[in-house]
Amino acid sequence: MISCPDFAVSEFALPGITSASSFSSLNGMVSLDVHSMLTHPALVVGLAKWVPAWITPLWVLSIGLLIGVIAAVALYGVLSLLSLVTPLGHLADKPSRGITASLIVGGLIGAGLCATYVPTAGEYANTLFLPLICIGLVLGFGVIYGMWHRTRSEWGSMINEGVIPYLLCTLGLFALVGLAGTPFVEDPRSILNSIAAVNLVGDGTEQITVVVKASPELPAGEAPFLPANIDYQLRNVTGLTIESDRTVLLGDSADSASFGRPPQRVNEGEKLVYNYENRDLPPIPSDPTRLHIQNREIDDAKVVFTFKNQPLVPQASSILVIAFTLFLTLTGLVAFRQAAPRVWALALSTAKNEMAQPLYLLLLAIGLFGVLLFGIYPFNTLGDDIRLLKDSGVTLIMVLGMVQAVWSAGTSVSEEIEGRTALTVLSKPVSRRSFILGKYAGIMLSVLVLFVILSAVLTVVISYKPIYDARETASGDPIWQTGHDEIMTTLPVLGLYLMETMAIGAIAVALATRLPLLANFISCFMIYVIGNLTSPLVASARDNNELVGFVGKLIAVVIPNLNIFNVQAAVDTGNQIPLIYLAGAFNYLVCFSIAIWMLAMLLFEDRDLA
């Protein structure tokens, strides 16, 4: 507090204040008024209504980030201990031996993932093979090179170099904001308890068959109630179907005199259906040890229980999704750095150089300003403002990422070739193949940082947008699940748009080996426009003459079908992007990137750098 001398008070006295003591009294009154205003019941009630709805989705994502970091630290802590074992710690000393071991381990992990998840994927299960194999390879390289003795001694430099500090600081700040709001989170215990009930495989359907012995020597009403001896968690059961080939009664005790409620009858050939959403009364007791069954016929009964298990808080599944995504990203960066040190060094240099450019900071500032502006801008769409916020936000991030990718390709590839800098790099033990891969990887790492920063801010804005709209329209207070669902329908779209940016970036790097910056910009812009029209062109040419159909198919072959990554219709309708669609888009990106890389090699192999 700044104290004022008495002469200053008398010289510049306010009306009604004639002395320092009067000024002190006023200061106390002002402090009292501010305190009473901040503790006013209306303000406290208002904060209690909207802060939990805003902070809980962020807290859920923060828990996912925290679990992902803990999983990575635990895994690499164990691998660091294993690196003390000489055969394991020196397995990757020879690159050929390390890569071979990584491929073997990764292949085994990928095969296990395919055997686990492909049979349960349904009609388009084949699209999961390539993503699961790629995940297995990333984990395989992460395990082998995580056990390398050099990795154990390089963790400090690894965390402090390249894009990793930017990613960790951004995600750490986001997690700090979310975890700081823990006192405002709605029922955090239930959310945490629901993590263990998340279905890692399948949709949670479980079928249990119980054989109930008959007592033909007794009348039907006097047959004993036998224990079912099955295990279940009723609080996680969202649906239950009970079938029997004999008439049975379901009780909650072995003694009819101890029944807490009337027994449920299941007739032969009929189904007893329970649905949590309909607020039905469960036909079985919450304690599975109390479930007893009476067989009212002379033959043994076969009772089939079909449980549909879901977490008590379904949104808890997003915690594991976020955790695994972060864990896989960190593992991929570690494996990339250790398995391909020359390519990583070139990628690191490229990323640092591009992120230090004024254009990068300008694009980042434009993105932050645009995302924040969209959060408060009234779109006047009669309740659909959040849809336009999501659409505008993800589109802005994608456009900024593409501008950064194309510009970086022109400055780091074209200008280095024209300025003879590439000749200096290639004079070292760096092949032309490594040069192209390193440049592309570095450009995409800088784009990844841009995406992560802007996506984190967009996530905070989306979480608050339902509250902002409700207060503007004087409608009811939204629940936190609304903001969470809006966030989880946006993150897959950001993933698809990142894939599209990677495709455009691959084209830009390939063209940069031959074209200058301006020509590269124009070419990529035309490819982007035509690529998003490929599917409509092919569909419109289907019923026309052969020449029109041939032209449409030719365009579809030559120009990439970027419309695969465009899910604006799903954003507008608020639908969740299914995992199988993400897998299909990833398959297309991998195949397209390989084709573009081969084209880049053809264009760059005979390029005269002297």
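Throughout, numbering of the chain's residues begins at 1 and tracks the sequence.
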Hey, could you give me the [atom1]/[atom2] distance between [X] and [Y], rounded to the nearest 0.5 Å?
{"X": "Leu171", "Y": "Ile322", "atom1": "CG", "atom2": "CD1", "answer": "9.5 Å"}
{"X": "Ser62", "Y": "Ile67", "atom1": "OG", "atom2": "CD1", "answer": "11.0 Å"}
{"X": "Trp344", "Y": "Gln338", "atom1": "CH2", "atom2": "CD", "answer": "9.5 Å"}
{"X": "Leu454", "Y": "Leu396", "atom1": "CG", "atom2": "CG", "answer": "7.5 Å"}
{"X": "Ile504", "Y": "Met402", "atom1": "CD1", "atom2": "CE", "answer": "5.0 Å"}
{"X": "Thr325", "Y": "Leu491", "atom1": "OG1", "atom2": "CG", "answer": "9.0 Å"}

Measure from the side-chain N and O atoms of [X] to the backbone N and O of [Y], and report whether any donor-acceptor pair falls under 3.5 Å.
{"X": "Thr350", "Y": "Leu346", "result": "yes"}
{"X": "Thr238", "Y": "Lys308", "result": "yes"}
{"X": "Gln357", "Y": "Asn353", "result": "yes"}
{"X": "Tyr528", "Y": "Leu562", "result": "no"}
{"X": "Ser80", "Y": "Arg152", "result": "no"}
{"X": "Asn520", "Y": "Leu515", "result": "no"}
{"X": "Ser463", "Y": "Thr459", "result": "no"}
{"X": "Thr127", "Y": "Gly584", "result": "no"}
{"X": "Ser153", "Y": "Arg150", "result": "yes"}

Under the side-chain contact (heavy atoms from CB on, under 4.5 Å) test against Met355, which residue among Leu450, Leu445, Val163 passes?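 Exactly one option meets the side-chain contact (heavy atoms from CB on, under 4.5 Å) with Met355, and it is Val163.
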Only one of Ser317, Pro314, Pro311 passes side-chain contact (heavy atoms from CB on, under 4.5 Å) with Ser194; say which it is.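 Result: among Ser317, Pro314, Pro311, Pro311 is the only option passing the side-chain contact (heavy atoms from CB on, under 4.5 Å) with Ser194.
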For [X], does the [atom1] atom sit with more than 12 other heavy atoms under 6.0 Å from it, leaving out its own atoms?
{"X": "Arg97", "atom1": "CZ", "answer": "yes"}
{"X": "Tyr166", "atom1": "OH", "answer": "no"}
{"X": "Met598", "atom1": "CE", "answer": "no"}

If you define the side chain from C-beta out and look only at heavy atoms, does anything of [X] sit under 4.5 Å from [Y]?
{"X": "Leu167", "Y": "Leu448", "answer": "yes"}
{"X": "Ile564", "Y": "Phe592", "answer": "no"}
{"X": "Cys134", "Y": "Phe586", "answer": "yes"}
{"X": "Leu328", "Y": "Leu139", "answer": "yes"}
{"X": "Val201", "Y": "Tyr117", "answer": "yes"}
{"X": "Leu113", "Y": "Val118", "answer": "no"}
{"X": "Ile397", "Y": "Tyr497", "answer": "no"}
{"X": "Val85", "Y": "Pro87", "answer": "yes"}

Can you find a side-chain donor-acceptor pair between Glu161 and Ser157 that sits under 3.5 Å?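 The answer is no; no qualifying pair exists.
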Side chains of Ser446 and Lys352, donor plus acceptor under 3.5 Å: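 Result is no, nothing qualifies.
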Are Arg342 and Ser434 close enough, and set up right, to give a side-chain hydrogen bond (donor to acceptor under 3.5 Å, both in side chains), and what steps lead you there? CA-CA 8 Å; Arg342 294 177 181 176; Ser434 299; over 6 Å; no
Walk me through it: do Val394 and Thr490 pass the test side-chain contact (heavy atoms from CB on, under 4.5 Å)? CA-CA 8 Å; Val394 297; Thr490 306; 3.6 Å; yes
Tell me the ring pair (Phe, Tyr, Trp, His ring centres under 6.0 Å) pairs involving residues 69-116, sequence neighbours left out?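 Applying ring pair (Phe, Tyr, Trp, His ring centres under 6.0 Å) to every pair that reaches into residues 69-116, excluding sequence neighbours, yields Tyr76-Trp155, His90-His149.
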Can you label the angle between the Phe324 ring and the Phe327 ring as parallel, tilted or perpendicular, going by 30° and 60°?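 Phe324 vs Phe327 ring planes: tilted.
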Describe, in one word, how the ring planes of Phe604 and Phe435 are oriented to each other, choosing from parallel (under 30°), tilted (30 to 60°) and perpendicular (over 60°).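 Phe604 vs Phe435 ring planes: parallel.
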Residues Arg337, Glu154: salt bridge by 4.0 Å N-O rule: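 So Arg337 pairs with Glu154 through a salt bridge.
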Before giving the answer on side-chain contact (heavy atoms from CB on, under 4.5 Å), spell out for Ile230 and Phe307 the whole-Å C-alpha distance, their side-chain angles and the decisive distance to 0.1 Å. CA-CA 12 Å; Ile230 62 175; Phe307 294 92; 4.3 Å; yes
What do the steps show when you test Val449 against Leu364 for side-chain contact (heavy atoms from CB on, under 4.5 Å), and what is the final call? CA-CA 10 Å; Val449 173; Leu364 185 60; over 6 Å; no
Carefully, step by step, assess Trp148 and Ser83 under the rule side-chain hydrogen bond (donor to acceptor under 3.5 Å, both in side chains). CA-CA 6 Å; Trp148 196 16; Ser83 67; over 6 Å; no
Show your working on side-chain hydrogen bond (donor to acceptor under 3.5 Å, both in side chains) between Ser318 and His484 and close with a plain yes or no. CA-CA 9 Å; Ser318 61; His484 178 273; 2.7 Å; yes
Start with the C-alpha distance between Val447 and Met502, add both sets of side-chain angles, then the distance that settles side-chain contact (heavy atoms from CB on, under 4.5 Å), and finish with yes or no. CA-CA 9 Å; Val447 171; Met502 294 174 67; over 6 Å; no
